[in-house]
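Working notes, structure below.
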Protein chains: 2
Amino acid sequence: MNQPSRPPQKATIADVAKAAGVSKTTISRYLSGDYKSISEATLQRIKQSVKELRYRPSRLARGLRQDRSYSIGMIFADISNPFSTSVLKGAEDVCTKQGYSMIVCNTDNDPEKEKNYISMLHAQRVDGLIIHPTCQNLENLRELSEDQIPIVLIDRRIPGLKVDTVGTDNDKAMTEATGYFLDQGFERIGFFSQPIQHVSSRIERARTFVQILAAAGHPSVDDIYEYEPRIQGQFDEQLDRFIAETQGQYRMIFAVNVVTQLKLINALQKRGLRIPEDVGFAGVDDSEWAPVVGSGLTTIAQPTYEIGYKAMERILERIAGDNGPQQHFALSANLITRGSTPSRNAKIL
Amino acid sequence: MNQPSRPPQKATIADVAKAAGVSKTTISRYLSGDYKSISEATLQRIKQSVKELRYRPSRLARGLRQDRSYSIGMIFADISNPFSTSVLKGAEDVCTKQGYSMIVCNTDNDPEKEKNYISMLHAQRVDGLIIHPTCQNLENLRELSEDQIPIVLIDRRIPGLKVDTVGTDNDKAMTEATGYFLDQGFERIGFFSQPIQHVSSRIERARTFVQILAAAGHPSVDDIYEYEPRIQGQFDEQLDRFIAETQGQYRMIFAVNVVTQLKLINALQKRGLRIPEDVGFAGVDDSEWAPVVGSGLTTIAQPTYEIGYKAMERILERIAGDNGPQQHFALSANLITRGSTPSRNAKIL
DNA sequence: TTGTAAGCGTTATCAC
DNA sequence: GTGATAACGCTTACAA
């Protein structure tokens, strides 16, 4: 058999029409799946020609004509964070099934980069936008949403911005977790976090943590440690303070997210403090390595995949014309208890 | 001040032209940065109008006209793998600077999904493609490259496919690492990997490992353990075999990648085997948690960010018209020694 | 069941 | 310096 000679140029709808002996309209009907208005014979010829010419309709042209790009922009504050990857995966599974593609951006928590990406995705005419926001571009986001581009925020909400949001049910998760820590008999619990203000998920976690402790009359209501990663030494200073203050007490440290977890574990190790012998440990975000650090880390497993899945579903609903009021979807997390938060009684026995 | 009234529809180049009192051509010149053929006065009016109308040129229209989309497709075999994320970041940093955007896909190592994505990105008229391939779609990739779409493969090469590739210099990395293991005095080294055949990076790692051992007359030339994750129990069986066979010897386990690392560490822990007291450990891919597992894991840190960076640079060179012969770029890895591979002498002393 | 023709928002060519 | 006009590859009334 001889090789079918390769078409010199990318085939267009006109080429296929010509090859099949029909008009472009008919090909277009075929492409849109409108088979019932095409005769069987024609259909066969079209299929044949499409295959022979290796025809792939241009999404660009279609997008231009229909004023939609069949793509969704995704902007992450930190793509290295496994949280982001998992969300991405969930989003993709929905996206692909519906014939959309994802344009992925990473802002490194830089509002300036975020602004540029928003602008670029706007130019790209994305049909929707899923954002893990830096929370410092209210105006740009507001403009977009006024331009009728559906937006879903994940993890973090922005007050005053009328868009759908999807995240973890932090109140519920922290209520459960904090209760568990109390049950385990911890006398002091240090809550470590990057700057809390403006980041709704951190606010929720810290607030519920304090509420539960306050209700129990627990002394750690003031053990909130905020560090700004860019301020040299601040983190170490705070950790040292907590360690010194709680000397001799049955204590643990809680990390607001996975980045803080790693910072803490490294710092504890450097100080020669063992988990859980010298200090208990827990934090938000489960990971593949949480089970293998020491005797395992107790974590709050956020429903990351589900967050991505739901966010994309919501975007597509909006694109499909849903004009209902904006909603917040709070998905349930899972408390996974491991060796890093042993019961005080067990220790005593 | 009263709000500037929001344009009822997205502004087009025609709207801007009208507002500025010039032709579309002039606006287009402005957009392409051809300032020197525009008078200063006109330029000012254009800038003004663009701002007022919040005009964003449609990349779709531009793409259609120029037959390029200014986007690069990225297909990952496993986006959850930190390797992918880091590559993504490197690629993005280049991409963004040049005004391109990335369409990100994840195949979960499924050749069928890969095929669909290739087809979709083709339809999207991506200007180039960076692929971490499943290595089972030779034909589709060949078609693409024949269609003159630049492709760069990362990590894995596919024999017979004439495209650029970027990856780790596995020979050099494994030469160094294996030599180090020998220096540390390990009597047996188990090399654990998913199926090696067809995956060039695994082939290179295993081959060099064996070569170095053979040259040293070391008994572990046969300690290559291949497991197929989908075969229930195979992995555990192989691990048990190695453990039993090497009882009493100074031994270690080497993981071909980060997935295998986690599998092994979990399995060792479950068996109550300590690292490094009962068995030494090392593996390809450094991670944020490698320093905190036990007394730290010895790893080979692949230049992941650089791989992404280089791959994207290469794609853009190709797009810019480079027609040179296809090349392979082997970037240097870094051996990071930690507590999991102690010297035998140190132990004896 | 099929076709004609207009138009989506740009850029490229050519002319002034 | 500036502009008219014709594409680019598709979809969509509207006809037939």
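If you're wondering where the values come from, they're calculated on a predicted model, not measured in any experiment. Naming: A, B, ... by sequence-line order, numbering from 1 per chain.
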[N] [atom2] sits how many Å from [X] [atom1], rounded?
{"X": "B:Leu64", "N": "D:dT11", "atom1": "CG", "atom2": "C1'", "result": "12 Å"}
{"X": "A:Asp34", "N": "C:dT2", "atom1": "CG", "atom2": "P", "result": "11 Å"}
{"X": "B:Asp15", "N": "C:dG9", "atom1": "CG", "atom2": "P", "result": "8 Å"}
{"X": "A:Arg62", "N": "C:dT10", "atom1": "CZ", "atom2": "P", "result": "21 Å"}
{"X": "A:Ile13", "N": "C:dA5", "atom1": "CD1", "atom2": "P", "result": "17 Å"}
{"X": "A:Arg68", "N": "D:dT11", "atom1": "CZ", "atom2": "P", "result": "12 Å"}
{"X": "B:Tyr30", "N": "C:dT11", "atom1": "OH", "atom2": "C1'", "result": "17 Å"}

Select base, sugar-phosphate, or nothing to describe what [X] touches, counting heavy atoms under 4.0 Å on all strands.
{"X": "B:Ser58", "result": "sugar-phosphate"}
{"X": "B:Thr26", "result": "sugar-phosphate"}
{"X": "A:Tyr55", "result": "sugar-phosphate"}
{"X": "B:Ser32", "result": "nothing"}
{"X": "A:Ile38", "result": "sugar-phosphate"}

Sidechain N-carboxylate O distance under 4.0 Å for A:Asp322, A:Arg314: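 Result for this pair is yes, salt bridge flagged.
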
field: salt bridge (charged side-chain N to carboxylate O under 4.0 Å, His left out) involving B:Lys36 - partner list, sequence neighbours excluded
entry: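 Only B:Asp34 meet the salt bridge (charged side-chain N to carboxylate O under 4.0 Å, His left out) criterion with B:Lys36.
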
- prompt: With sequence neighbours excluded, what pairs up with A:Lys89 under the salt bridge (charged side-chain N to carboxylate O under 4.0 Å, His left out) test?
  reply: B:Asp108

- prompt: With nearest nucleotides of DNA chain C determined for A:Lys24 and A:Ser39 from heavy-atom distances, which residue corresponds to the more 5′ nucleotide?
  reply: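 Nearest nucleotide further toward 5': that of A:Ser39.
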
Protein-nucleic acid N or O pairs under 3.5 Å, nucleotides 14-16 of chain C:
none

